[in-house]
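Single-structure report; data block below.
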Amino acid sequence: METPELGALEHRIGHRFAKPDLLREALTHRSAAHQQATSRRGRRSGTKGEGSNERLEFIGDRVLGLLMAEWLLERYPGEQEGALGSRHAHLVSRTALAEIAQRMGLPEALNVAAHEERIGIRETANVLADALEAILGALYLDAGLAPARALVRRWWADFIQAQAKPPKDPKTGLQEWVLARGMGLPVYETISADGPSHAPHFVMAVKAAGLVGEGEAGNKRAAESAAAADLLARLMAQRGTGSK
């Protein structure tokens, strides 16, 4: 049975699920899935992450990448790969996703374990970004690309309209930012590199100015750019709050 909370979220998403269990799964953090499985079986068994939103996040990440690329090609017919890639990296960054998830009210809708609740995991950028991607995956599996496209074009509208010009290549922009402040050069690190040869998946991290950004993509260069875009957004947010 659908709860009032799920109904309210469906309204904000703009889609009524034919399979509400997909939305419930999209909102289930790994900690809650583990807790539920343990209480049912008395001890933990089965696949790591089973019952959580991780599988939906996996497909939602690809759905978002495709729909954003489609929208950018449509919106900027005269731009080439470099400019489009820079826009894309910014729009699908963890920071952008987390902000949209906040606006959508996802923190209150997430299903997390009590011990994670106490440490504030609902508000962490990675958890919120993953949940939003999981919702996109759930939309795709429930009804195809159309509702996922509608969500992207509604909730990302402010972000894409703010890009009057293509953002500077994130790696160049990050390097210029730290050098202008006398800081050390950014350091990139491969977090993971997996997937089949025809569809690799890279997760990269970059460290600079005491902060860390993360990005993922189908090749190492694009993942580094996504990580740099994420870190730049964090640095700008920190600067906006007056932090040093």
Side-chain angles (χ1 to χ4, degrees), residues 57 61-62 64-65 67-69 71-73 75-76 78-104 106-107 120-121 123-133 152 155-193 200-244:
E57 182 267 330
D61 171 66
R62 278 73 180 169
L64 175 61
L67 292 177
M68 192 59 70
W71 194 9
L72 290 171
L73 284 173
R75 188 176 175 90
Y76 304 104
E79 289 189 357
Q80 298 304 306
E81 180 185 6
L84 293 170
S86 181
R87 292 185 188 276
H88 192 282
H90 174 72
L91 291 165
V92 303
S93 68
R94 301 277 95 181
T95 303
L97 267 69
E99 183 173 339
I100 291 168
Q102 285 280 4
R103 294 181 183 183
M104 197 180 289
L106 290 193
I121 199 168
E123 303 293 334
T124 60
N126 280 343
V127 168
L128 290 175
D130 288 349
L132 180 51
E133 287 181 335
V152 168
W155 289 94
W156 269 261
D158 289 347
F159 286 80
I160 202 167
Q161 288 169 10
Q163 287 189 350
K165 295 181 179 179
K168 185 175 292 186
D169 170 69
K171 293 182 68 174
T172 301
L174 178 59
Q175 181 170 310
E176 290 178 354
W177 195 96
V178 295
L179 289 178
R181 290 158 178 79
M183 300 176 179
L185 288 172
V187 176
Y188 292 87
E189 177 185 359
T190 302
I191 302 300
S192 65
H201 182 242
F202 290 85
V203 179
M204 301 295 298
V206 58
K207 301 177 183 178
L211 295 176
V212 179
E214 289 190 9
E216 51 189 289
N219 62 70
K220 187 174 182 180
R221 180 179 176 183
E224 287 180 344
S225 290
D230 183 42
L231 182 51
L232 271 172
R234 294 174 188 273
L235 291 167
M236 294 302 102
Q238 183 186 64
R239 185 181 180 186
T241 62
S243 300
K244 300 295 183 184

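The figures here come from the full heavy-atom set of this structure, side chains too, leaving out hydrogens, waters and symmetry mates.
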Where [X] and [Y] come nearest, the two heavy atoms and their spacing:
X	Y	value
Q163	Y76	O-OH, 3.5 Å
P166	E79	CG-OE2, 3.4 Å
L91	L97	O-CD1, 3.9 Å
R75	I160	CD-CD1, 3.8 Å
A228	Y188	CB-OH, 3.6 Å

Atom pair [atom1] ([X]) and [atom2] ([Y]), whose distance is rounded to the nearest 0.5 Å:
X	Y	atom1	atom2	answer
E99	S93	CD	OG	9.5 Å
M183	L174	CE	CG	10.5 Å
W156	L67	CH2	CG	9.5 Å
F159	I100	CZ	CD1	4.5 Å
E57	N126	CD	CG	9.5 Å

So among L232, V206, L231, which one has a side-chain contact (heavy atoms from CB on, under 4.5 Å) with P186?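 Among the candidates, only V206 passes.
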So, do H90 and P170 sit near enough that their side-chain heavy atoms are less than 4.5 Å apart?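 Of all side-chain heavy-atom pairs linking P170 with H90, none is under 4.5 Å.
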Side-chain heavy-atom pair R94, L128 within 4.5 angstrom cut-off: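 Not touching, per the 4.5 Å side-chain cut-off.
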Could you tabulate the donor-acceptor pairs under 3.5 Å formed by side-chain atoms of residues 207-224, not counting sequence neighbours?
unit_1: E216; atom_1: OE1; unit_2: H201; atom_2: NE2; d: 2.8
unit_1: N219; atom_1: OD1; unit_2: R221; atom_2: N; d: 3.2
unit_1: N219; atom_1: OD1; unit_2: A222; atom_2: N; d: 2.7
unit_1: E224; atom_1: OE1; unit_2: K171; atom_2: NZ; d: 2.6

Side chain H88, main chain M68, donor-acceptor under 3.5 Å: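 No, the answer is negative, given that no donor and acceptor are paired below the 3.5 Å cut-off.
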Kindly say whether A83 contributes a backbone atom to a donor-acceptor pair with the side chain of S86 at under 3.5 angstrom?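 Side chain of S86 to backbone of A83, a donor-acceptor pair under 3.5 Å: no, none is there.
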